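First the structure, in the form of C-alpha cells, and then the observations on it.
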Amino acid sequence: MIGAILTQQASWKNVEKAINNLRKGGYLSSFSIYKMPVEQLKQIIKPVGFYNMKAKRLKEFTNYFIEKYNGNISYMKRFETEKLREELLALNGIGKETADSILLYALDKETFVVDAYTIRMLNRLGISDSKDYEEIKKLFESSLKKYKFDGYSTVDIFKEMHALIVELGKQYCKKTPYCTDCPLSEICEKKGV
DNA sequence: TTCCTGCCGT
DNA sequence: ACGGCGGGAA
C-alpha cells in the first residue's frame, strides 16, 4: 500500500530506496508513518521524487488506515471492494490506478489495474484507442474472467496480467517503441515501429 | 536530456 | 486541457 503511493510517476528502483530507508530506521509500518513528523518522512522518502506531496499522501492514507481499520489488513479485507474503492478514491492523492493497485495487490480484491502502459499497449496493438480508465478496466475484467486456469484464481490472473503488461511497457512497448524481440509482435498492428 | 506503473488544482 | 511536483538513473 505504501509502495503503491510512492511509485506514482516514479521508478520502482527509487521506491525500493525509499522503502529501504524506512526499513533501516524501523519505520516500515503504517503506524510508524502515522506517528512520524511529516518533515522527517519527506527526508526519508526523498529518492522517489515528488516527496513533499507523497509524504502528505502517506500521512493521509495512514490516518485513514489506522483510524478506520486499526492498521489491520485482514480486517480491512472483509469489506466490499466497491465500498473500499470509493473510500480510497476520496483520499487526497489516491486516484484510480493507486486505489486499484492497493485493492488488488494488498487486499487481494478482484479488480483490474489500468495504467499508462496498458492504454499504450492496447493502442499499439490496435485493440482499443480508448483512454477511458473504467472502460479499459471493464474490458480486461470481462475478458479475463472468462478463462479458468488450473490452480489460479481470477485475482491471481489479474495480478499476473498487470505485471506482464508493466514488463512489456518497460522493455518493449516503451514511449518510443522497441519492437525487437517483442513477444507480441505477431499480433501487433504496429510491427517494426 | 529524457523518463519513471499519477494525481491534483485551476 | 494543462502545469506542477522531483530525485535518480540511463
Side-chain angles (χ1 to χ4, degrees), chain A residues 1-25 33 38-65 84-109 111-125 127-137 139-141 144 155-180 182-184 193:
Chain A
M1 296 191 286
I2 293 167
I5 292 169
L6 291 180
T7 200
Q8 291 168 359
Q9 195 61 23
S11 71
W12 187 254
K13 278 284 179 209
N14 289 337
V15 175
E16 284 179 334
K17 292 177 192 299
I19 288 177
N20 279 330
N21 288 345
L22 286 166
R23 186 178 288 125
K24 251 184 286 172
I33 292 173
V38 68
E39 289 305 319
Q40 182 185 359
L41 184 57
K42 287 179 184 178
Q43 299 311 309
I44 291 177
I45 67 168
K46 190 163 275 192
V48 299
F50 302 147
Y51 54 88
N52 288 304
M53 291 174 33
K54 286 178 181 175
K56 272 191 209 166
R57 291 175 180 182
L58 283 180
K59 295 293 274 183
E60 166 130 359
F61 174 76
T62 52
N63 284 347
Y64 158 78
F65 183 56
L84 294 174
R85 191 170 195 261
E86 283 174 23
E87 286 177 1
L88 290 169
L89 289 176
L91 299 178
N92 190 301
I94 297 191
K96 290 175 179 178
E97 182 184 341
T98 307
D100 285 332
S101 296
I102 290 171
L103 290 169
L104 179 63
Y105 289 98
L107 300 176
D108 294 312
K109 293 293 189 179
T111 192
F112 194 78
V113 180
V114 175
D115 59 9
Y117 291 145
T118 312
I119 294 172
R120 189 164 72 209
M121 179 190 75
L122 290 186
N123 181 33
R124 297 233 175 99
L125 289 175
I127 293 174
S128 168
D129 57 353
S130 170
K131 290 177 186 171
D132 184 84
Y133 188 99
E134 300 297 340
E135 185 182 335
I136 295 181
K137 176 183 175 66
L139 174 64
F140 273 91
E141 290 181 349
L144 292 176
V155 168
D156 290 335
I157 291 168
F158 283 7
K159 287 181 182 175
E160 184 69 7
M161 177 62 78
H162 173 68
L164 290 171
I165 291 171
V166 170
E167 273 315 292
L168 184 83
K170 288 164 98 160
Q171 295 187 43
Y172 304 102
C173 211
K174 309 201 268 194
K175 213 160 201 173
T176 57
Y178 180 77
C179 301
T180 308
C182 173
L184 298 186
V193 175

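Note that the coordinates shown come from a computational prediction; the quantities given were computed from them, not determined experimentally. Just so we're on the same page: letters track the sequence lines, and every chain starts at 1.
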Rounding to a whole Å, what distance do you find between [X]:[atom1] and [N]:[atom2]?
X: L164(A); N: dT5(B); atom1: CG; atom2: P; result: 15 Å
X: L58(A); N: dG6(B); atom1: CG; atom2: P; result: 16 Å
X: N14(A); N: dC4(B); atom1: CG; atom2: P; result: 13 Å
X: F158(A); N: dT5(B); atom1: CZ; atom2: P; result: 23 Å
X: F140(A); N: dT5(B); atom1: CZ; atom2: C1'; result: 14 Å
X: K131(A); N: dG6(B); atom1: NZ; atom2: P; result: 15 Å
X: L88(A); N: dG6(B); atom1: CG; atom2: P; result: 18 Å
X: K175(A); N: dT1(B); atom1: NZ; atom2: C1'; result: 13 Å

(request) Under 4.0 Å from any heavy atom of chain A: name the first and the last nucleotide of DNA chain C that qualifies, 5' to 3'. (result)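 First-to-last contact on DNA chain C, by the 4.0 Å heavy-atom rule, is dC5(C) to dA9(C).
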(message) Test: salt bridge (charged side-chain N to carboxylate O under 4.0 Å, His left out). Region: residues 43-64 of chain A. Which pairs qualify, not counting sequence neighbours?
(response)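 For residues 43-64 of chain A: none.
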Using the test side-chain contact (heavy atoms from CB on, under 4.5 Å), find all partners of [X] that sit at least two apart in sequence or belong to another chain.
X: K42(A); answer: V38(A), E39(A), Y51(A), N52(A), A55(A)
X: Q171(A); answer: E167(A)
X: D156(A); answer: Y152(A), S153(A)
X: K13(A); answer: S11(A), E16(A)

Using the [atom1] atom as the point on both nucleotides, what is the distance between [M] and [N], in whole Å?
N: dC4(B); M: dA1(C); atom1: C1'; value: 23 Å
N: dG8(C); M: dC7(B); atom1: P; value: 23 Å
N: dG6(C); M: dC3(B); atom1: C1'; value: 12 Å

(message) Let me spell it out: for each of K13(A) and Q9(A), pick the nucleotide of DNA chain C with the closest heavy atom. Which residue's pick is nearer the 5' end?
(response)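 The answer here is Q9(A).
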(request) Mark yes or no for whether T62(A), through its side chain, and L58(A), through its backbone, hold a donor-acceptor pair below 3.5 Å. (result)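 Judged by distance alone, yes, a pair lies under 3.5 Å.
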(message) Taking any heavy-atom pair under 4.0 Å as a contact, classify I94(A): base, sugar-phosphate, or nothing.
(response)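 Sugar-phosphate, no base atom in range.
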(message) Does L6(A) reach a base, just sugar-phosphate, or nothing at all? Heavy atoms under 4.0 Å.
(response)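 Nothing: the residue L6(A), judged by heavy atoms under 4.0 Å, touches no strand.
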(request) Identify, residue by residue, the members of residues 40-51 of chain A with a heavy atom below 4.0 Å from DNA chain B, and return them in order of residue number, or none. (result)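 Within this stretch, nothing sits under 4.0 Å of the strand.
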(request) Look at the rings of F112(A) and F158(A) and say which category their plane angle falls in: under 30° parallel, 30 to 60° tilted, over 60° perpendicular. (result) perpendicular
(request) Quick one: sort the F61(A) and Y64(A) rings into parallel, tilted or perpendicular, breaks at 30° and 60°. (result) tilted
(request) May I ask you to verify if any side-chain N or O of K170(A) is less than 4.0 angstrom from the OP1 or OP2 atom of dC4(B)? (result)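 For K170(A), the contact criterion (side-chain N or O under 4.0 Å from OP1 or OP2 of dC4(B)) is not met.
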(request) Look at the side-chain N and O atoms of T98(A) and state whether any lies under 4.0 Å from the OP1 or OP2 oxygen of dC7(B). (result)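 True: T98(A) side-chain N/O within range (under 4.0 Å) of dC7(B) OP1/OP2.
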(message) The criterion is salt bridge (charged side-chain N to carboxylate O under 4.0 Å, His left out); which residues satisfy it with D108(A), sequence neighbours excluded?
(response) K77(A), K159(A)
(message) Go nucleotide by nucleotide along DNA chain B from the 5' end; which of N92(A) and E97(A) gets its closest nucleotide reached first?
(response) E97(A)
Side-chain donor-acceptor pairs of residues 94-102 of chain A under 3.5 Å, sequence neighbours excluded:
{"residue": "K96(A)", "atom": "NZ", "partner": "E134(A)", "partner atom": "OE2", "Å": "3.3"}
{"residue": "T98(A)", "atom": "OG1", "partner": "Q8(A)", "partner atom": "NE2", "Å": "2.9"}
{"residue": "D100(A)", "atom": "OD1", "partner": "R85(A)", "partner atom": "NE", "Å": "2.8"}
{"residue": "D100(A)", "atom": "OD1", "partner": "T111(A)", "partner atom": "OG1", "Å": "3.3"}
{"residue": "D100(A)", "atom": "OD1", "partner": "K137(A)", "partner atom": "NZ", "Å": "3.4"}
{"residue": "D100(A)", "atom": "OD2", "partner": "R85(A)", "partner atom": "NH2", "Å": "3.0"}
{"residue": "D100(A)", "atom": "OD2", "partner": "Y133(A)", "partner atom": "OH", "Å": "2.6"}
{"residue": "D100(A)", "atom": "OD2", "partner": "K137(A)", "partner atom": "NZ", "Å": "3.3"}
{"residue": "S101(A)", "atom": "OG", "partner": "E97(A)", "partner atom": "O", "Å": "2.8"}

